[in-house]
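Following: one structure in structure tokens, then a few remarks.
Residue numbers begin at 1 in each chain, while the letters A, B, ... track the order of the sequences.
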Amino acid sequence: MAELPKHYNPQETEDATYARWEESGYFNPDNLVKDGIADKDAEAFSIVLPPPNVTGTLHMGHAAMLAIEDTLVRYHRMRGKRTLWVPGTDHAAIATQTKVEKELYKKEGSTRHDLGREEFVKRVEAFAQESHDTIVNQVRKMGSSVDWSREAYTLDEARNVAVRTAFKKMYDDGLIYRGRRIVNWDPRMQTTISDDEIEWREERTNFYYLRYGPFTIATARPETKFGDKYVVMHPDDKRYKEYQSGQKLTLEWINGPVEATVIKDEAIDMELGTGVMTITPWHDATDFDIAERHNLDAEQIIDENGKLLSIAGELAGMHIKKARPLIVEKLKEKGLLERVDENYIHRIATNSRGGELIEPQIKQQWFVDVNKKFTLPTSNLKDIADGAEVTLKKVMQMAVKSGQIEILPDRFEKIYFHWIDNLRDWNISRQLWYGHRIPVYYCTRGNSEARSSNFETGCQKPIVSIEELNECPNCKGPLEQDPDTLDTWFSSGLWTFSTLGWPEQTADLDVYHPTNLLETGYDILFFWVARMILMSGYLLGDIPFSTVYLHGLVRDEAGRKMSKSLDNIIDPLTLIEKYGADATRLSLIIGAAPGSDVKLSEDKVRGYKNFTNKLWNISRFLLMNMEDYDPGAAVSFSKDDRAILDEFEKLAEEITKDIEAYRLYLAAEKLYHYAWHTFADTILEASKPVLQDEAARAARQHVLATTWKNTLKLLHPFVPFVTEELWRTMPGDKRDLLMVETWPHQPHA
RNA sequence: GGGCGCUUAGCUCAGUUGGUUAGAGCGCAGCAUUCACAUUGCUGAGGUCACAGGUUCGAAUCCUGUAGCGCCCACCA
């Protein structure tokens, strides 16, 4: 038996250990079955890796995610289950495209339009590939036991088929429609974004009270007011009962007299200001809704670059930022400005990916209708019968309300329901070039404005196709594909089953779907988790996973978010190099209850590095006292021997319970305490004289060897590298790899 | 405006359905040096469990209120 070095040096062994795991093939459950490690009809345990964005490198949040998921996966694998963890990456359309556009502008001074669509997409693909390789390397460094043979990308060929299939089915069921609606337009990125991608900020601005005929109206955005020709008040407002709905008034406005129409609508807050407002349906969501209800005209004031249109008269062509003070000046001159409130707090919408101001615009876009009824032919959803008529909203609600999906911590279930209650139709089209192109074609024969026509008859209808089309299937005429791409979450929503082969009815889909667990950050509960429930519910009539485990954010030691501007980012790879992957993993698991943020400091990681060294030295001590150990010899245990074995049994039971209940932080802490302060400080110290005693030595050797081996098993999911390395040195019966050893406690036995 | 959460030792956090003197890690103080490990061991100091009421034989734990911090949602023009 070789003697171990005095200290544990993770750098020397981690990569080789990972290579041994990978070469064994046991990350792939098919091999577990083939080699008899898992029974061929053993229970399955499957999770998908939330695919990291190919926008660069992994951060501490990813490291936390990998640590938690790998711990659970390794536990279930040791429990003898057919365990599958599917890896992959996400094309993250808007984030990736923005990143490449920025670099392009910085390095070459050119825009995507200078390159053209095809060339630009090539550049993005090259960047994505590079990021992908970096990410894959980092995933390995963390020790993640993912099945690389099943790796997927949200934008690869197989996923494209899934996306087009899903789109077509939804379109055919009337759940996807194209419509002119008010959307969130980012003038800088030149694309729309969904409601969820908006980040609201508060800003102190001037609030202008303007004379509008006999009324006073108020606005923070006078530059939108040129075209206002509807004046709206609440139907119950007694102050304005002399005005009738539909009544016309001629009054003096910014660029001369206008004919205004009185509208009565209950959306108006009588308490607020004067209780009267004018509306700008083209550039405000509330106003748009009012206009829709009363069938009013909408006029565009601001163009897609944020500049005023001809309606602004002499200010046409000017950017709204510049124009505002000039408009105010003009209003003042005309005597239309009554007063200004200078301390008004205005909420402004910005793009959460890039921070640019959002300018609402009316645009032709594709939407998913979340309130439209459809029939679910077959349903595995609890409380929804085969053939039931439901809506997407209802599917999302029922999956959680019925208890079929459990969200941890459970307070997020409330947040989830609240979000669904407020959910509006999902804008899925993006004016980006990187992403799944919308699988819709327009026949352009005799129809030069194909995309803006209303598609009533024949081949003037849009053609939705799973296969790529080159000519119109009706008239063989030329086709034009919709230039837009899909919201990245449309493809991510399919992730649990698109990675398993859907739309093919594969064996993987049969065995591993629904997945058991979805572990991700709480910040993407709506973006992703909800969309997966929607897609799986609709396309499969099933849940995508039965448990959702939401981890918190990894913050710096002062509790601040890690960000470039604060320069407080800790790179997981740096930590791994300095302290080892095991110490890094433990520091992200201990003290991290689901849903709560973790504060990370290097001190914490250093502490766990010491712990891995302690484990090393426990083994070292044991080996030094095992030269004459005969694992097969019959021994009789003393009372103390039995006490050690009993105590371990209790520990194993507790750890198992904690892991089953997703209390990883508790399990890890208990193991830490047991290994260090019970096994090393108490049991080993007490064993030193016992090992000197000829009569008691053999039994104690046996107790220490078996207990320590079992402790390594319990520890393995948390600190896989050091335990795997130590496993090689342990005497007695064992499998080659600790990774596929049997868990030392069977629950429900 | 609506909703949710947090507040326990200097710091980071446990405390699983209310039950004996409230725990851990880090940090701090003292002691120990060729013992598996100084990346160590032993000992110790340190808490009116945010505050005020209430329920109970018994409350860090349940209820009500207050304060501070944080998060989510929302069409106050």
Listed nucleotide nearest any side-chain atom of A/W419, set B/rC75, B/rC73, B/rC4: B/rC73

Touch class at under 4.0 angstrom, heavy-atom based, for A/D269 against every strand present: base

Validation row, ring centre A/F679 to ring centre A/W708 under 6.0 Å: yes

Rounded interatomic separation in angstrom, taking OH from A/Y522 and P from B/rC72: 7 Å

A/H677 side chain near B/rG41 phosphate (N/O to OP1/OP2, under 4.0 Å): no

Sugar-phosphate only, base, or nothing, as touched by A/D284 at under 4.0 Å among non-hydrogen atoms: nothing

Aromatic ring of A/H418 stacked on base six-ring of B/rC73, 5.5 Å, 30°: no

Selection from B/rA24, B/rC13, B/rG5 that lies nearest to any side-chain heavy atom of A/K414: B/rG5

Sugar-phosphate, base or nothing in reach of A/R347, heavy atoms under 4.0 Å: base

Listed nucleotide nearest any side-chain atom of A/T286, set B/rC37, B/rC75, B/rA24: B/rC75

Ring geometry between A/W676 and A/F611 (parallel below 30°, tilted from 30 to 60°, perpendicular above 60°): parallel

N/O (side chain, A/K604) to phosphate O (OP1/OP2, B/rU12) under 4.0 Å: no

Spacing of A/R606 atom CZ relative to B/rA38 atom P, expressed in whole Å: 17 Å

Complementary nucleotide of B/rU20, counting Watson-Crick and G-U pairs under 3.5 Å: none

Side-chain N or O of A/W676 closer than 4.0 Å to phosphate OP1/OP2 of B/rG41: yes

Value in whole Å for how far the C1' atom of B/rA14 lies from CG of A/L664: 15 Å

Whole-Å gap separating P (B/rC4) and CG (A/N422): 14 Å

Selected nucleotide, minimal atom distance to A/D603 side chain, candidates B/rC26, B/rU40, B/rA24: B/rC26

Touch class at under 4.0 angstrom, heavy-atom based, for A/H283 against every strand present: nothing

Proximal nucleotide (of B/rA38, B/rA14, B/rU16) relative to the A/R663 side chain: B/rU16

Sugar-phosphate only, base, or nothing, as touched by A/R221 at under 4.0 Å among non-hydrogen atoms: nothing

Touch class at under 4.0 angstrom, heavy-atom based, for A/A680 against every strand present: base

Sugar-phosphate, base or nothing in reach of A/Y608, heavy atoms under 4.0 Å: nothing

Atom C1', compared across B/rA59 and B/rU55: separation rounded to whole Å: 10 Å

A/Y672/A/F718 aromatic ring centres below 6.0 Å: no

Interatomic distance at P, B/rU48 relative to B/rU43, whole Å: 25 Å

Test: A/K688 cationic atom under 6.0 Å from A/F621 six-membered ring centre, within 45° of axis: yes

Side-chain N,O (A/N617) to OP1/OP2 (B/rU39) below 4.0 Å: no

Parallel, tilted or perpendicular: ring planes of A/H673 versus A/H677, cut at 30 and 60 degrees: tilted

A/I655 side, atom CD1; A/E669 side, atom CD - distance, nearest 0.5 Å: 10.5 Å

Span that lies between the C1' atom of B/rC57 and that of B/rU20, in whole angstrom: 14 Å

Separation between the P atoms of B/rA74 and B/rA52, rounded to whole Å: 39 Å

Watson-Crick or G-U counterpart of B/rC49, or none if no pair lies under 3.5 Å: none

Check: B/rC37 base within 3.5 Å donor-acceptor of A/K614 side chain: yes

Within 45° cone and under 6.0 Å: A/R606 NZ/CZ vs A/Y579 ring: no

Rounded distance (Å) that lies between atom C1' of B/rG5 and atom CG of A/L408: 16 Å

Assigned partner base of B/rA36, Watson-Crick or wobble definition, under 3.5 Å: none

Lys/Arg cation over aromatic A/W426: A/R531, 6.0 Å, 45° cone: yes

Between C1' of B/rA36 and CD1 of A/I618, the distance in whole Å: 9 Å

Residue met sooner reading RNA chain B from 5', once A/A593 and A/W200 are mapped to nucleotides: A/A593

Side chain of A/T219 (C-beta onward), nearest among B/rA24, B/rA77, B/rA74: B/rA77

Listed nucleotide nearest any side-chain atom of A/F526, set B/rA36, B/rA77, B/rC73: B/rC73

Side-chain N,O (A/Y665) to OP1/OP2 (B/rG15) below 4.0 Å: yes

Candidate nucleotides B/rC42, B/rC26, B/rA36, ranked by approach to the side chain of A/K688 - the nearest: B/rA36

Nearest-Å distance once atom C1' is located in both B/rA22 and B/rU8: 8 Å

Sugar-phosphate only, base, or nothing, as touched by A/E557 at under 4.0 Å among non-hydrogen atoms: nothing

Pairing nucleotide - B/rC6, Watson-Crick or G-U, each distance under 3.5 Å: B/rG68

Distance in angstrom units between A/I279 CD1 and B/rA77 C1', rounded: 11 Å

Spacing between A/D421 atom CG and B/rC4 atom P, to the nearest angstrom: 13 Å

Sugar-phosphate, base or nothing in reach of A/I268, heavy atoms under 4.0 Å: base

Separation between the P atoms of B/rC62 and B/rG19, rounded to whole Å: 11 Å

